[in-house]
Protein chains: 2
Amino acid sequence: MNIGRAAKISGVSPKMIRYYEQTGLIPKAARQDSGYRDYDDADVHRLRFIRRARDLGFTVEQIGELLGLWSDRSRASADVKAFALEHIERLKEKMAEIEAMVRTLETLADHCHGDDRPDCPIIEGLAEEGGATPRLQPREPRRFGRSGGQSARRHAASSSNRTH
Amino acid sequence: MNIGRAAKISGVSPKMIRYYEQTGLIPKAARQDSGYRDYDDADVHRLRFIRRARDLGFTVEQIGELLGLWSDRSRASADVKAFALEHIERLKEKMAEIEAMVRTLETLADHCHGDDRPDCPIIEGLAEEGGATPRLQPREPRRFGRSGGQSARRHAASSSNRTH
DNA sequence: TGTGGGGCTTCCAACGATGGGAAGGTCAAG
DNA sequence: CTTGACCTTCCCATCGTTGGAAGCCCCACA
């Protein structure tokens with residue numbers, strides 16, 4: 001079947017399928033006479049596996065390991081379990097980080113009148129001269145990107161005139 | 001003061017300070033005769049503000065808005081509060097997503113013996129033929145990146161011989 | 001048989017925030 | 001004057017994903 005069909009039934013976009021192939025996560029697809037990639041049920045099965053793993057927050061690199069564990073019929077279930085538990089720990093750390101943010105923000109927001117007067121403990125908390133807070137996470141990227149909004153991307157910030 | 005000093009006392013790396021300037025988040029820094037960027041206490045104050053906002057999970061774009069709210073002495077505290085509450089909602093959504101992952105993974109892990117036998121409900125859950133699960137989040141990037149491991153990247157997976 | 005539209009191909013760029021590093025200028029202490 | 005720490009600009013990489021351009025392929029319909 002064509003890549004579009006495989007994409008539809010696996011839930012992985014054609015773009016990503018090509019990307020996974022390119023990076024070596026999946027083997028190079030067979031080709032039809034036309035040059036089109038050709039997928040069978042086993043391929044789609046693997047793609048669905050990948051998609052589920054992504055949905056559970058595994059990185060592509062980790063999915064490579066999971067695929068290895070999947071196809072390794074001699075590996076112990078303990079190996080898989082350890083891998084999963086390790087990942088769960090990472091996820092929980094991430095949750096804890098976000099939870100800390102939420103707690104801080106809610107505390108600030110609780111003290112904010114939220115009326116039409118200008119003084120605001122939220123902004124003051126950010127602007128605060130004293131404590132600095134610089135070593136809360138001295139070397140943690142922490143990122144975790146966006147996720148909610150799927151629409152409205154495009155031309156992010158190219159203006160370069162902000163406080164200017 | 002030089003950028004290095006400003007970086008140290010604000011907690012924002014020199015790289016990021018230049019990046020923020022380049023993208024217009026902060027105005028162009030003054031320059032010394034040498035061509036070095038020159039920062040005063042107000043600049044550092046703003047950088048610290050930015051850093052705290054980052055630590056609370058705001059994107060650079062949002063921080064631009066926060067800086068606007070900060071310097072706008074006529075805006076209502078309700079505006080700031082609404083902005084913060086909106087952000088809190090996004091964070092909670094993110095937490096909920098991660099929590100769902102954790103729950104799924106823990107369920108799978110609970111059913112896994114974790115011994116030296118090969119059969120493993122975790123892998124089977126990912127490989128599962130039936131339900132598909134494809135429409136749990138039909139169009140959600142969901143990403144949220146890495147966070148724990150900072151070392152070990154490089155040459156991700158270029159082998160292209162995996163299940164091959 | 002021609003044609004149109006959709007699918008496929010590859011390649012290149014962008015997103016966001018950050019770090020690494022090269023090539024070169026500046027400064028202060030020895 | 002040299003040395004080393006700092007600064008400058010510029011480019012590249014990360015990670016997963018999407019968008020788009022230029023060009024080929026395929027099928028259905030007239």
Side-chain angles (χ1 to χ4, degrees), chain A residues 1-8 11-26 28-39 50-51 53-55 57-64 137-147 149-158, chain B residues 1-8 11-26 28-39 50-51 53-55 57-64 137 139-158:
Chain A
M1 74 185 80
N2 284 349
I3 196 172
R5 176 124 191 77
K8 203 157 291 174
V12 180
S13 74
K15 286 270 188 191
M16 291 313 300
I17 296 177
R18 296 192 196 100
Y19 171 74
Y20 292 150
E21 175 181 326
Q22 186 192 314
T23 57
L25 180 67
I26 55 180
K28 297 200 174 191
R31 297 289 180 146
Q32 303 164 245
D33 293 344
S34 59
Y36 287 11
R37 286 177 180 77
D38 198 11
Y39 298 92
I50 291 171
R51 191 175 129 56
R54 282 297 292 143
D55 285 346
F58 289 101
T59 67
V60 169
E61 191 175 1
Q62 290 173 321
I63 296 175
Q137 298 98 313
R139 51 189 66 252
E140 270 295 347
R142 166 234 332 95
R143 208 164 329 357
F144 72 76
R146 50 142 168 53
S147 90
Q150 79 283 29
S151 65
R153 186 99 336 102
R154 197 116 348 178
H155 65 45
S158 57
Chain B
M1 74 185 79
N2 284 349
I3 196 173
R5 176 126 190 75
K8 201 156 292 174
V12 180
S13 74
K15 284 272 187 190
M16 291 314 299
I17 296 178
R18 296 192 196 100
Y19 171 74
Y20 292 151
E21 175 180 326
Q22 185 192 315
T23 57
L25 180 67
I26 56 180
K28 298 199 173 193
R31 296 288 181 146
Q32 305 164 235
D33 294 344
S34 59
Y36 288 10
R37 286 177 180 77
D38 198 11
Y39 297 92
I50 290 171
R51 191 174 128 57
R54 282 298 293 142
D55 284 347
F58 289 101
T59 67
V60 169
E61 193 175 1
Q62 290 172 321
I63 296 174
Q137 299 99 312
R139 50 189 67 251
E140 272 297 348
R142 166 243 325 102
R143 207 162 333 355
F144 74 77
R146 47 133 172 59
S147 88
Q150 77 283 31
S151 64
R153 185 100 332 107
R154 198 112 346 184
H155 65 45
S158 57

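Quick note on labels: first sequence line is chain A, next is B, and so on, each numbered from 1.
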Whole-Å distance, N2(B) CG to dT26(C) C1', equals 10 Å

When every non-hydrogen atom of Q32(A) is compared with those of N2(A), the smallest separation belongs to OE1-OD1, 2.8 Å

Rounded to whole Å, CD1 of I17(A) lies from P of dG16(D) at a distance of 16 Å

query = Think S34(A) has a side-chain N or O under 4.0 angstrom from the OP1 or OP2 of dT9(C)?
reply = no

Checking dT18(C), dT9(D), dC8(C) against the side chain of R54(B) (C-beta onward), the nearest is dT18(C)

Heavy-atom distance under 4.5 Å between the side chains of I63(A) and Y20(A), does that happen here?
-> no

note: K28(A), atom NZ; dT9(C), atom P; distance rounded to Å ~ 14 Å

Exercise for the section: Establish, with yes or no, whether the OP1 or OP2 oxygen of dG6(C) is under 4.0 angstrom from a side-chain nitrogen or oxygen of R5(A). Expected result: no

Notebook entry, point to check: Ignoring hydrogens and angles, are the base of dC26(D) and the side chain of Y36(A) linked by a donor-acceptor pair under 3.5 Å?
Noted result: no

Whole-Å distance, E21(B) CD to dA17(C) P, equals 17 Å

(Q) Base of dG16(D), side chain of K15(A) - is there a donor-acceptor contact under 3.5 Å? (A) no

Rounded to whole Å, the CD-C1' distance (Q22(A) to dC12(C)) equals 11 Å

Show the numbers, then the answer: is there a side-chain contact (heavy atoms from CB on, under 4.5 Å) between K15(B) and Y19(B)? CA-CA 6 Å; K15(B) 284 272 187 190; Y19(B) 171 74; over 6 Å; no

Winner on side-chain proximity to V60(B), out of dC27(C), dA17(C), dT18(D), is dA17(C)

The answer to which of G4(A) and Y19(B) contacts DNA chain C further toward the 5' end, by nearest nucleotide, is G4(A)

With the side chain defined as heavy atoms from C-beta on, R31(A) is closest, among dC6(D), dT10(C), dG19(C), to dT10(C)

In whole angstroms, the gap separating P of dA17(C) from CZ of F58(B) amounts to 13 Å

Separation of dT8(D) atom C1' from Q32(B) atom CD, nearest Å, is 12 Å

Closest non-hydrogen atoms of I3(A) and R18(A), given as atom of the first, atom of the second and distance, are CD1-CG, 3.7 Å

Atom CG of D38(B) and atom P of dC27(C) are separated, to the nearest Å, by 12 Å

(Q) Measuring to OP1 and OP2 of dT9(C), would you say a side-chain N or O of R37(A) lies under 4.0 angstrom away? (A) yes

Taken to the nearest 0.5 Å, the spacing of I50(A) CD1 from I26(A) CD1 works out to 5.5 Å

Checklist entry - Which is true for Y20(A) with a 4.0 Å heavy-atom rule: it touches a base, it touches only sugar-phosphate, or it touches nothing? => result sugar-phosphate

| message | If the cut-off is 4.0 Å, is R18(A) near the phosphate of dT9(C), judged by side-chain N/O to OP1 or OP2? | response | yes

